[in-house]
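Report on one structure; see the data block that follows.
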2 protein chains.
Amino acid sequence: MRKKITLKQIARELDVSISTVSKALKNSKEISADTIQKVQAFAKLYNYRPNNIALSLKNKKTNTIGIIIPEIVHHFFSKVIRGVELVANNRGYNVIIGLSNESFSKEVINMEMLANGSIDGFILSMSKETLQQQDYHHYNETMNQGMPIVMFDRVVSEIKCDKVIVDDFNGAKNAVQKLISNKCKHIALITTRDYVSVGRLRTQGYLQALEENKITPQAELILKMDDTLDYEVHLEKLEGEIEQLFMAHKEIDAVFAVNELYALSAMKVARRMGLNVPNDIQVIGFTDGVLSKHSTPSLTTVSQHAQLMGERAADLLIDKIEKEFETEEEQFQTVVINTELVERDSTK
Amino acid sequence: MRKKITLKQIARELDVSISTVSKALKNSKEISADTIQKVQAFAKLYNYRPNNIALSLKNKKTNTIGIIIPEIVHHFFSKVIRGVELVANNRGYNVIIGLSNESFSKEVINMEMLANGSIDGFILSMSKETLQQQDYHHYNETMNQGMPIVMFDRVVSEIKCDKVIVDDFNGAKNAVQKLISNKCKHIALITTRDYVSVGRLRTQGYLQALEENKITPQAELILKMDDTLDYEVHLEKLEGEIEQLFMAHKEIDAVFAVNELYALSAMKVARRMGLNVPNDIQVIGFTDGVLSKHSTPSLTTVSQHAQLMGERAADLLIDKIEKEFETEEEQFQTVVINTELVERDSTK
DNA sequence: GAAAGTCACGAAAACGTTTGCGTGTTAAAA
DNA sequence: TTTTAACACGCAAACGTTTTCGTGACTTTC
């Protein structure tokens with residue numbers, strides 16, 4: 001087992017100094033051609049590679065970015081990661097991940113683990129618990145120490161940093177507008193409680209679309225689910241509530257759901273009740289998921305371009321990391337990613 | 001903006017030496033109670049945290065493990081990551097990810113990026129391209145440098161290292177046995193070409209189950225797809241081939257597919273042909289995916305316990321990292337994760 | 001033949017830690 | 001009073017780099 005070789009060992013073998021070796025490997029003109037050749041040959045033979053940790057310490061730069069997300073087994077987040085990784089790698093950075101599992105304390109612990117020199121900056125999406133507790137001190141402390149942060153998707157205005165968000169409002173509005181254009185008169189909304197900003201914005205988009213078409217929103221057509229529950233587990237509860245809604249309002253001819261699973265459940269319930277999608281009832285979901293594409297009928301959705309979000313977030317972060325000195329006052333930007341309505345078979 | 005504080009700065013402020021500060025923070029009995037109190041109070045006030053990079057350099061230990069996978073937007077792999085992250089975090093490690101995107105060269109580059117001191121060990125699953133080229137030099141070189149590797153799922157016997165694999169053979173065998181027990185006589189197999197070990201093993205399990213039940217395998221009932229194609233994109237081609245198979249062999253009363261999407265496509269084609277699942281034709285897939293659970297009818301699958309695989313891999317790796325000195329000769333183990341048949345509505 | 005310049009290399013500091021050992025001061029034992 | 005021991009702390013090396021500066025040997029110039 002040949003351990004990794006260091007400059008010191010090369011120097012000793014070749015009977016020169018460490019600095020000579022270092023310079024020779026960089027083709028410094030301080031070093032004679034002879035020595036350069038000798039050193040490089042030896043280095044190649046032993047497959048010398050500079051130790052990253054030593055470089056990081058010396059340069060005060062790790063070339064690594066940290067990404068903290070609530071959950072990785074989730075199509076949206078894994079696509080974001082892919083986008084981040086893509087850009088990061090192209091620009092010479094590694095990506096280190098932390099999962100908050102939607103927990104405030106895990107988020108804090110994870111950030112502290114990484115903030116002590118391991119990375120040059122953060123890309124993160126807040127956990128639901130953090131959103132609920134509205135305790136943002138850890139973000140501010142991290143930024144105060146000079147560590148840049150880019151937030152995506154789940155953001156709050158209280159935190160001043162770069163952000164990448166989806167145009168939830170218009171995405172929802174356009175989806176509902178589509179349903180209205182398709183002659184739907186009674187459009188139900190299946191959404192989450194309001195503390196998650198994205199849920200709130202999508203709800204507002206829904207209301208706006210109705211208003212612009214002079215349709216009076218009916219509170220009874222809006223189903224607000226408690227998504228602190230792991231909805232994968234609480235499918236029956238979800239379906240039960242949807243069924244009640246459909247039973248009580250036979251006039252419903254369309255559903256807009258703020259995520260994929262809600263939409264899928266709506267379709268399932270509809271089918272069970274003998275309703276045909278899209279003829280009796282049209283459905284649109286919100287997300288990039290794999291379910292929409294492969295369900296029957298396939299689901300029309302509002303695509304969030306998750307991978308693009310990751311790419312933009314990474315670019316934003318690395319730009320900030322590499323901008324040597326801040327030009328006067330800190331300047332933050334918010335990138336808005338446009339959504340796209342992907343029409344499939346659950347609408348006409 | 002208060003930059004991170006260091007021992008040196010604390011030492012200067014408090015007019016003591018760096019070593020005194022370091023020892024005081026560790027409650028060394030070399031240091032007087034007075035000084036300890038003073039130093040700790042100051043450190044707390046300024047929120048001192050030791051710099052990870054400096055520690056890594058000193059200890060020659062990063063407390064970080066690298067995971068390299070072919071693709072992250074994939075339910076199986078993201079579940080594995082979750083398992084790795086869970087165990088790693090509990091044992092005080094961070095996780096850094098690299099995506100090979102099924103490419104040999106990206107796999108090599110990624111490994112080289114991380115192998116130069118950034119991590120203490122690897123967890124990885126081979127890219128398809130590497131499997132095809134059968135070029136494993138980068139694994140062996142990495143291990144020669146004393147960096148432990150744990151492989152999972154896609155492994156080859158040529159590489160000597162710890163492994164975590166799924167019992168593909170028995171998983172497939174049991175699934176097919178289930179179909180046979182359900183009175184199926186003509187069971188089709190939809191699989192991949194043989195170079196991916198897992199596909200080969202599943203095929204063998206299928207054959208073994210037939211043999212044990214004195215059923216003669218028919219080559220015409222076996223459909224081998226070329227999965228170098230991104231099958232998400234080539235859905236139509238996939239469905240076309242399945243349709244041909246079904247048309248040519250109306251006697252088919254069951255399908256065993258080596259992944260989720262093949263199974264789903266089979267169901268879709270069957271439905272299109274007016275066949276009822278599971279009454280006319282029963283279907284079993286292989287994987288942990290989210291699609292199986294939410295399809296209609298929901299799909300009976302062979303669960304691989306992806307998260308458990310990640311957990312076991314992480315434990316194996318960290319055990320090896322922390323085992324100070326190898327007991328004489330290197331000893332490698334292979335952990336086999338048992339599969340589980342999750343029965344849903346696509347079988348009787 | 002002396003002054004100036006060029007060349008090729010080495011010493012040392014720095015990044016932020018930890019830790020073995022040396023040392024000056026004071027208190028206790030002889 | 002002298003010797004010894006305990007105490008509280010600082011020095012310096014080490015991890016692996018990079019880079020500035022210094023220096024000895026040789027070559028060129030007048």
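Here is the naming used below: chain letters follow the sequence lines, and residue numbers restart at 1 for every chain. Small disclaimer: the values here were computed from a predicted structure and weren't measured.
The CZ-C1' distance, from Arg49(A) to dT17(D), rounds to 16 Å in whole Å. If you measure from atom CG of Leu57(A) to atom C1' of dC15(C), you get 4 Å, rounded to the nearest angstrom. One interatomic measurement links the two molecules: NZ of Lys8(B) to P of dT18(C), which rounds to 15 Å at whole-angstrom precision. Taking atom CG on Asn116(A) and atom P on dC15(C), their separation rounds to 18 Å, with Å as the unit. Across the protein-nucleic acid pair, Asn27(B) atom CG and dT18(C) atom C1' stand 16 Å apart, rounded to whole Å. Nucleotide dG16(D) holds its C1' atom 12 Å from the NZ atom of Lys26(A), rounded to whole Å. In this structure, the CG atom of Asn59(A) is 11 Å from the C1' atom of dA14(C), given to the nearest Å. If you measure from atom CD of Glu30(A) to atom C1' of dT20(D), you get 9 Å, rounded to the nearest angstrom.
Side-chain atoms of Val16(B) lie closest to dG10(D) of the nucleotides dG10(D), dG16(C), dT17(D). Picking from dT17(D), dT17(C), dA11(C) the nucleotide with the shortest atom distance to the side chain of Tyr48(B) gives dT17(C). Of the candidate nucleotides dC15(D), dT18(D), dT17(D), dC15(D) has the atom nearest to the side chain of Lys58(B). The side chain of Ile18(B) approaches dT17(C) more closely than any other nucleotide in the set dA14(C), dT17(C), dT19(D). Ranking dT18(D), dA12(D), dA11(C) by closeness to the Ser19(B) side chain, first place goes to dA12(D). Picking from dT19(C), dG10(C), dC9(D) the nucleotide with the shortest atom distance to the side chain of Ile31(B) gives dC9(D). Residue Leu7(A) places its side chain closer to dT18(D) than to any other of dT18(D), dG10(C), dT19(C).
At a cut-off of 3.5 Å, with distance as the only test, no side-chain donor of Glu102(A) or Ser127(A) sits close to an acceptor on the other residue. Asn52(A) and Ser118(B) share a donor-acceptor pair across their side chains, judged by distance under 3.5 Å alone. Counting only N and O atoms by type, the side chains of Asp153(B) and Ser125(B) include no donor and acceptor under 3.5 Å apart. Glu107(A) and Asn101(A) share no donor-acceptor pair across their side chains, judged by distance under 3.5 Å alone.
A close approach under 4.0 Å does not occur between any side-chain nitrogen or oxygen of Ser32(B) and OP1 or OP2 of dA8(D). Between dT18(C) and Ser22(B), a contact under 4.0 Å exists linking OP1 or OP2 to a side-chain N or O.
Annotation: of the two residues near DNA chain D, Thr35(B) and Lys60(B), the 5′-most nearest-nucleotide partner is Thr35(B). Summary of the strand contacts: Gln9(A) and Thr20(A) both lie near DNA chain D, and taking for each the nucleotide with the nearest heavy atom, the more 5' one is attributed to Gln9(A).
With ring centers used as reference points, His138(A) lies under 6.0 Å from Phe104(A).
Residue Lys23(A) places a side-chain atom within donor-acceptor reach of the base of dT20(D), judged by atom type and a 3.5 Å distance cut-off alone.
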